[in-house]
**Q** 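This is the structure I have questions about; it appears just below.
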Amino acid sequence: MKPYWSEIQPIDTFVVKMNGLLHQQDQKIVDCLYQPLIGPVSSALYYTLWNRVQENRLWSETLNHYHLMNFLDLNLDEIYQARLKLEGIGLLKTYVKTEADNRSFLYELQPPLSAEGFFTDGMLNIYLYQKIGKSQFLKLKRLFIDEKVDLSGYQEWTRSFQDVFSSLGSEALTDQEAQLASQPGEQQEFFHRSEPNLIKIGGEQFNFEVLFSGLSEIMVPRRVFTQEAKEAISKLAFLYSIDAVNMKNIVLASLDADQTIDIEELRKAARDWYQLEHDNQLPQLVDRVQPVYARNVMEPQTKEEQLISYLETISPRQFLIDLADGGEPALSDLQAVEDVLFHQKLPPGVINVLIHYVMLKTDMKLSKSYLAKIASHWSRKKIKTVKEAMDLAKNEHRQYQEWANDRKTPAQKRNKPIRTERLPDWFIEPQATEKVVFDEEQEEKRKRLEAIQQKYRQHGGDRNGANQ
């Protein structure tokens, strides 16, 4: 991902366009259903752009981004990140035009999904459920539902148009002047209510070739993979992190008697698979890597900056994969990191520092309790960046070492051999050494971690943006 300052500047102008009229019900939907997922800053940006368009109009006047910065009391990076969330969740489309040295943006506001569309989306509703919990989710749903009208016993008596009105002749039907007068002028359009954009996950993110290779044509005819089915598969694969191999069994479980893919059964099978793998939990919507606004280094120069850049631009899952030399990380490690990510709300880059530190201090074993204890401390300290996490680890090292020692039984403390060993360069001050517990059977993993650190000091720039 490019740094925000290469894509937007305060002096850049913008104009807001409404993709159809927005109503009071739209505001209620954004407040209650979207805001828990995108946060209050993104919601505020949406409403600010909305209010720039006069009532019953479709276009705003031309403004620049200094206006948004002053009005929202935010820096440009915060506005940029809020804009990205609006784009990703389908509430905003962004267009840019560059002429000479001038750059202008067109922000087209999109209507939110209807309440019914949101609660039946299959992805956004699940993220919301996991975010706010069952009781609050059901309370919100009650805001958008009412009792059905029972029409049984009633007979419709509504009169048709021709029953009520009559025409004096056929002139009205052939009057070309009236027909032409009814058309909007060039570069004009009527006020209208646009259909909201459904969230779509690009099919290129899912390997359908691998899926098809595991499903014979006789077993599952290719005709069943309609555009709707493919979009559902791509969305579920993203939502539940399902690869093509595991998706094969999910597809088979969703086939009905007519050998077609039942979308509802597909969703159910995917959800059951995820909950089986993750102890009945549901996925949450999180940033995949350290957000740009919480990064310290844009163009790393020193070795330490290259390591920081690596930790900022890789997801915790990929970091664990790198530690496993390309293999799939242990499920227990993933669950430990996932718990910390969700419960302590630490940014992904900070989680990477935490993994790095805990691995080195606990013989390359990712202790869930030790991980959670330090994570809780960092959360209370409101640590947001990789550099802040590194600095705090240095300052609180003795305390963390005591916590690590408290975990060991007297027998472990007595039997484990001790050796003097250097910690990573980012951790220690010059000439400093530290005694750490060392287990010979973990030496290979320890060397791998040091090799990863060295690799990204030498080639840190190559990895930037690869895991966006």
**Q** Are any side-chain N or O atoms of N125 and backbone N or O atoms of G122, one a donor and one an acceptor, separated by less than 3.5 Å?
**A**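 Yes, N125 side chain to G122 backbone: donor-acceptor pair under 3.5 Å.
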**Q** So, taking the atom named CG in L109 and the one named CG in L21, what distance separates them when rounded to the nearest 0.5 Å?
**A** 12.0 Å
**Q** For L33 and F118, work out which heavy atoms get closest and say how close.
**A**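 What the structure gives for the nearest pair is O-CZ, 3.5 Å.
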**Q** Return yes if some donor-acceptor pair links the side-chain N/O of S234 with the main-chain N/O of K230 below 3.5 Å, else return no.
**A** yes
**Q** Are the side chains of K97 and L106 in contact, using a 4.5 Å heavy-atom criterion?
**A**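 SC-SC contact between L106 and K97 ruled out.
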**Q** Looking only at side-chain N and O atoms, does E116 offer a donor or acceptor that is under 3.5 Å from a partner on S114?
**A**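 Side-chain D/A pair, S114 to E116: absent.
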**Q** Report yes or no: does S42 contribute a side-chain atom to a donor-acceptor pair with the main-chain N or O of A82 at less than 3.5 Å?
**A**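 Answer holds: yes.
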**Q** Taking E264 first and then K268, would you say they form a salt bridge - that is, a charged N and a carboxylate O separated by under 4.0 Å?
**A** no
**Q** How long is the span from the NZ atom in K382 to the CG atom in L346, to the nearest 0.5 Å?
**A**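 Here the interatomic distance stands at 11.5 Å.
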**Q** When rounded to the nearest 0.5 angstrom, what is the spacing between CD1 in I89 and CE in M123?
**A** 8.0 Å
**Q** I would like to know whether Q130 and I126 meet side chain to side chain contact (heavy atoms under 4.5 Å, CB included); could you show each step before the answer?
**A** CA-CA 6 Å; Q130 182 67 3; I126 292 175; 5.7 Å; no
**Q** When you measure from the side chain of D121 to the backbone of G117, do you find a donor-acceptor pair of N or O atoms at a distance under 3.5 Å?
**A** no
**Q** Give me the ring orientation class for F105 and H65: parallel if the planes are under 30° apart, tilted from 30 to 60°, perpendicular past 60°.
**A** perpendicular
**Q** Hey, what do you get for CZ (F14) to CG (N64), rounding to the nearest 0.5 Å?
**A** 7.5 Å
**Q** For residues I383 and A389, report the shortest heavy-atom separation together with the two atoms involved.
**A** CG2-N, 3.6 Å
**Q** Check whether any side-chain N or O of R222 sits under 3.5 Å from a backbone N or O of F212 as a donor-acceptor pair, and report yes or no.
**A**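 The answer is yes, because a donor-acceptor pair under 3.5 Å joins these two groups.
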**Q** State which residue, out of Q35, K85, Q27, fulfils the side chain to side chain donor-acceptor pair (under 3.5 Å) condition with S43.
**A** Q35
**Q** If you apply the rule side chain to side chain contact (heavy atoms under 4.5 Å, CB included), what do you find for I11 with R103, and how did you get there?
**A** CA-CA 9 Å; I11 199 173; R103 182 168 53 188; over 6 Å; no
**Q** Looking at every heavy atom in both Y46 and P111, which two are closest together, and how far apart are they?
**A**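 Shortest heavy-atom contact: OH-CA, 4.2 Å.
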**Q** Would you indicate whether the side-chain heavy atoms of K148 and D150 approach each other to under 4.5 Å?
**A**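 No, every pair of side-chain atoms sits at 4.5 Å or beyond.
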**Q** For L311 and F319, run side chain to side chain contact (heavy atoms under 4.5 Å, CB included): C-alpha distance rounded to whole Å, both residues' side-chain angles, the deciding distance at 0.1 Å, then the answer.
**A** CA-CA 8 Å; L311 296 175; F319 188 38; 4.1 Å; yes
**Q** For D26 and L22, which heavy atoms make the closest approach, and how far apart are they?
**A** OD2-CA, 3.3 Å
**Q** Between CG of L86 and OH of Y34, what distance do you get to the nearest 0.5 Å?
**A** 11.0 Å
**Q** Kindly say whether N75 contributes a backbone atom to a donor-acceptor pair with the side chain of E78 at under 3.5 angstrom?
**A** yes
**Q** Please check if atom CZ in F71 has more than 12 non-hydrogen atoms from other residues, nucleotides or ligands closer than 6.0 Å.
**A** no
**Q** Considering only heavy atoms from C-beta outward, does the side chain of M69 approach that of I79 to under 4.5 Å?
**A** yes
**Q** Please walk me through it: do H356 and V386 pass side chain to side chain contact (heavy atoms under 4.5 Å, CB included)?
**A** CA-CA 11 Å; H356 197 179; V386 169; over 6 Å; no
**Q** Minimum heavy-atom separation for P316 and V337, please, with both atom names.
**A** CB-CG1, 3.9 Å
**Q** Looking at every heavy atom in both Y107 and L49, which two are closest together, and how far apart are they?
**A** CD1-CD2, 4.1 Å
**Q** Does some side-chain heavy atom of T226 sit less than 4.5 Å from a side-chain heavy atom of E231?
**A** no
**Q** Is the shortest side-chain heavy-atom distance between N19 and K93 below 4.5 Å?
**A** no
**Q** Nearest 0.5 Å please: distance from the NZ atom of K381 over to the CD atom of E388.
**A** 11.5 Å
**Q** Within the structure provided, determine whether I38 and L91 are in side-chain contact (heavy-atom separation under 4.5 Å).
**A**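 Yes, side chains in contact.
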**Q** Can any side-chain N or O of S60 pair as donor or acceptor with the backbone N or O of V16 at less than 3.5 Å?
**A**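 Side chain of S60 to backbone of V16: a pair is present.
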**Q** Please confirm whether the ring centroid of Y129 lies under 6.0 Å from the ring centroid of F119.
**A**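 No.
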**Q** Assess whether side-chain hydrogen bond (donor to acceptor under 3.5 Å, both in side chains) is satisfied between E156 and T158, documenting all intermediate values.
**A** CA-CA 6 Å; E156 185 175 2; T158 308; 3.2 Å; yes
**Q** Is it the case that atom CG in D163 sees more than 12 heavy atoms from other parts of the structure closer than 6.0 Å?
**A** yes
**Q** Could you pull out every donor-acceptor pair under 3.5 Å between side chains of residues 244-253 and any protein atom, sequence neighbours left out?
**A**
unit_1: N246; atom_1: ND2; unit_2: D243; atom_2: OD1; d: 3.1

**Q** For the residue pair T48 and R52, confirm or rule out a side-chain donor-acceptor distance under 3.5 Å.
**A**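 Per modelled atom types, T48 and R52 side chains form no pair under 3.5 Å.
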**Q** Does a side-chain heavy-atom distance below 4.5 Å link D31 with Y47?
**A**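 Counting from C-beta outward, D31 and Y47 do come under 4.5 Å.
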